[in-house]
2 protein chains.
Amino acid sequence: MIKEIKKISQRVIPRMSRYYRILYEHNGKDMISSKELSDFSGYTAAQVRKDFAYFGQFGCPGRGYNIEGLKGSIRKILGLDRQWNVALIGVGNLGIALLGYKGFKDQGFEITAAFDNDPEKAGRMIKNVEIFSASKMCGVMRQKKIDMVILTVPRESAQAIAMEAVECGAKAVLNFAPINLKLPDAIKVRNIDMSIEIENLSFLISKG
Amino acid sequence: MIKEIKKISQRVIPRMSRYYRILYEHNGKDMISSKELSDFSGYTAAQVRKDFAYFGQFGCPGRGYNIEGLKGSIRKILGLDRQWNVALIGVGNLGIALLGYKGFKDQGFEITAAFDNDPEKAGRMIKNVEIFSASKMCGVMRQKKIDMVILTVPRESAQAIAMEAVECGAKAVLNFAPINLKLPDAIKVRNIDMSIEIENLSFLISKG
DNA sequence: TAGATTGTTAATCGATTAACAATC
DNA sequence: TAGATTGTTAATCGATTAACAATC
């Protein structure tokens, strides 16, 4: 039922995640229409249908989409039908907060190791995650079969550490450092830059 | 020198923030070319020049852009030439980490109050920020002339609390709750949804 | 001057929206 | 059946890239 992928706009994936969340808020209901998904998501109904159409036919003309079925389909599409082993690198304020972030764990992203170059931190457990010395990175990452890393280190060290993580087997990086990482093409990167977002707000409100 | 704004693509502002950061990494140098900015940012040189052209003429043919001058211009464009008073709502793990986040303070975003509906927290100082009971929100926000709020509350309460913050004078919301907030048109909103970003990575690596 | 690089226009590319036949 | 709503095609809209005259 899930069509093999033609050319997917890079922007549909975040929307799929959004729809998936909305479906979870409708447990118990049977069907949902693109119009309803539009109301909850803020995207147009045409966009909703187009987005789903990239992956297959999930709806029923005249009736809408079966919520349980669609949830399952999106779960498969996004790769949420399995556990992902995640390591967090950089156990500072933000890193610690993310160690306990429910939004990751709930969707199968399990942080099974964390690294910091402060020897004080190595050996401790924080939010139930063991902290290792950065020097142990490769061994631990391979042993724990880490798929992806969350990078919460200072900007200055981000590039070198990201590269090291890749050499230790990471296939994707969720990067919180405000820098454009240069990594091999096969490595997937998403950036979260909180300053950029807040600066967008100051731009918007200061131009009136 | 800063042109009054025709129709700015919504995507140029985050790029302007990015350029601004890069300029800061080149203190001491005199000029920088769109080609160099391209190398550091990952955007094309044509894109760099086009982005700047939305706001005016900042460069010098044959020589590039004066770093100090450009820095100042972007600072004005983004509204970073003043202090912004920010309140944080929802003093959980993530909220506490953001109270101490340097990336905000360094650019003039000063978190001058935080709110939580846990009465245990009210009255405490965390990372040098006073925590108030959520019931005091309007009084404190008006007294401290809060411009924008950072919203780190659970999804279920986000909509109601965001609306309350707007009624208390907030003109912009940096929203970490995984929900599409419905607020008056004049209110600016940016969403940071960390689960969406990590799900994007699992999509990318699971389709190979 | 020759070489470098801007600012801008035109061409291309990609994403969103509108419209509607098909179908439940 | 009549009403609702999908999936898809075509039309529109917007953003990026290429190209180059202007200029330092």
Side-chain angles (χ1 to χ4, degrees), chain A residues 1-19 22-23 26 29-71 73-74 77 180 200, chain B residues 1-19 22-23 26 29-71 73-74 77 180 200:
Chain A
M1 192 58 91
I2 298 174
K3 179 156 56 175
E4 257 334 299
I5 305 166
K6 39 187 167 192
K7 243 284 252 22
I8 291 167
S9 155
Q10 45 135 191
R11 303 224 204 107
V12 346
I13 301 304
R15 290 195 296 261
M16 295 299 278
S17 283
R18 191 71 85 183
Y19 304 140
I22 293 169
L23 296 175
H26 288 80
K29 258 187 82 188
D30 183 29
M31 306 291 284
I32 196 167
S33 66
S34 58
K35 175 64 171 57
E36 289 171 286
L37 281 164
S38 165
D39 292 339
F40 285 104
S41 66
Y43 308 124
T44 65
Q47 177 105 79
V48 172
R49 296 196 298 276
K50 195 103 211 290
D51 285 345
F52 293 160
Y54 280 107
F55 302 99
Q57 307 193 150
F58 305 107
C60 175
R63 318 218 304 111
Y65 300 89
N66 175 269
I67 290 179
E68 278 311 311
L70 186 56
K71 227 156 49 175
S73 300
I74 298 182
I77 291 164
N180 178 240
N200 206 305
Chain B
M1 192 58 91
I2 299 173
K3 180 156 57 173
E4 256 334 300
I5 304 165
K6 40 188 165 192
K7 244 282 249 27
I8 292 166
S9 155
Q10 44 134 192
R11 304 225 204 106
V12 344
I13 300 305
R15 289 195 298 259
M16 295 298 279
S17 283
R18 192 70 85 184
Y19 304 140
I22 292 168
L23 296 176
H26 288 80
K29 258 189 80 190
D30 183 28
M31 307 291 284
I32 195 167
S33 68
S34 57
K35 175 63 172 58
E36 289 172 285
L37 281 164
S38 165
D39 292 339
F40 285 104
S41 65
Y43 309 123
T44 64
Q47 177 106 79
V48 172
R49 295 197 298 276
K50 194 101 212 290
D51 285 345
F52 294 159
Y54 281 108
F55 302 99
Q57 308 194 152
F58 305 107
C60 176
R63 316 218 305 113
Y65 300 88
N66 175 269
I67 290 180
E68 279 309 311
L70 187 55
K71 226 155 52 174
S73 300
I74 298 184
I77 291 165
N180 178 241
N200 206 304

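Each chain gets a letter, A, B and so on, in the order the sequences are listed, and its residues count up from 1.
Counting non-hydrogen atoms under 4.0 angstrom, B:Arg63 reaches the backbone sugars and phosphates but no base. If you check every strand for non-hydrogen atoms under 4.0 Å, A:Lys50 touches a base. Across all strands shown, A:Tyr43 has no heavy atoms under 4.0 Å from either base or sugar-phosphate atoms.
Between the side chain of B:Ser73 and the backbone N or O of B:Gly69 there is at least one donor-acceptor pair closer than 3.5 Å.
Base pairing analysis places C:dT12 opposite D:dA15; the two distances defining the Watson-Crick or G-U wobble pair are each below 3.5 Å. The base-pairing partner of C:dT6, taking Watson-Crick or G-U wobble contacts with both distances under 3.5 Å, is D:dA21.
The interatomic distance linking B:Asn66 (CG) with C:dT5 (P) rounds to 15 Å, in whole Å. What separates CG of A:Leu70 from P of D:dT5 is a distance of 16 Å, to the nearest Å. In this entry the distance linking CD1 of B:Ile32 with C1' of C:dT6 reads 15 Å, nearest Å. In this structure, CE of A:Met31 is placed 20 Å from P of D:dG3, rounded to the nearest angstrom. One can place CD1 of A:Ile67 at 12 Å from P of D:dT6, the figure rounded to the nearest angstrom. Between the P atom of D:dA15 and the CZ atom of B:Phe52 lies a distance of 18 Å, rounded to the nearest Å. Atom CZ in A:Phe58 sits about 13 Å away from atom C1' in D:dT6, given to the nearest Å. Taking atom CD1 of A:Ile8 as the reference point, atom P of C:dA15 lies 11 Å away to the nearest angstrom.
For A:Thr44 and C:dT16, the shortest distance from a side-chain N or O to OP1 or OP2 is not below 4.0 Å. Distances shorter than 4.0 Å separate some side-chain N or O of A:Gln57 from OP1 or OP2 on D:dT8. OP1 or OP2 of C:dT6 lies within a sub-4.0 Å distance of a side-chain N or O belonging to B:Ser34. Distances shown here put every side-chain N or O of B:Gln47 at or beyond 4.0 Å from the OP1 or OP2 atom of D:dA15. Between B:Arg49 and the phosphate of C:dG7, there is no side-chain N or O to OP1/OP2 separation shorter than 4.0 Å. One finds a side-chain N or O of B:Ser9 lying less than 4.0 angstrom from the OP1 or OP2 phosphate oxygen of D:dA15. Residue A:Tyr65 places at least one side-chain N or O closer than 4.0 Å to OP1 or OP2 of D:dG7.
Minimum atom distance to the side chain of B:Arg15 is reached by D:dT16, of the listed D:dT5, D:dT16, D:dT8. Checked against D:dT16, D:dT23, D:dT6, the side chain of A:Pro61 finds its nearest nucleotide in D:dT6. Candidate nucleotides D:dT8, C:dT5, D:dC24 were compared by shortest atom distance to the side chain of B:Cys60, and D:dC24 ranks first. Of the candidate nucleotides D:dC24, C:dA15, D:dA15, C:dA15 has the atom nearest to the side chain of A:Gln10.
For the pair B:Ser33 and A:Val12, both in contact range of DNA chain C, the more 5′-proximal nearest nucleotide belongs to B:Ser33.
Here the shortest heavy-atom pairing between B:Asn180 and A:Ser41 reads CG-O, 3.4 Å. The nearest pair of heavy atoms linking B:Lys71 to B:Glu68 is NZ-OE2, 3.0 Å. The shortest non-hydrogen separation linking A:Asn66 to A:Met31 is CA-SD, 3.5 Å.
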Run A:Phe52 and A:Leu37 through side chain to side chain contact (heavy atoms under 4.5 Å, CB included) and show every step you take.
CA-CA 12 Å; A:Phe52 293 160; A:Leu37 281 164; 3.8 Å; yes

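The salt bridge (charged side-chain N to carboxylate O under 4.0 Å, His left out) analysis of residues 42-67 of chain B, with sequence neighbours excluded, yields the pairs B:Arg15-B:Asp51.
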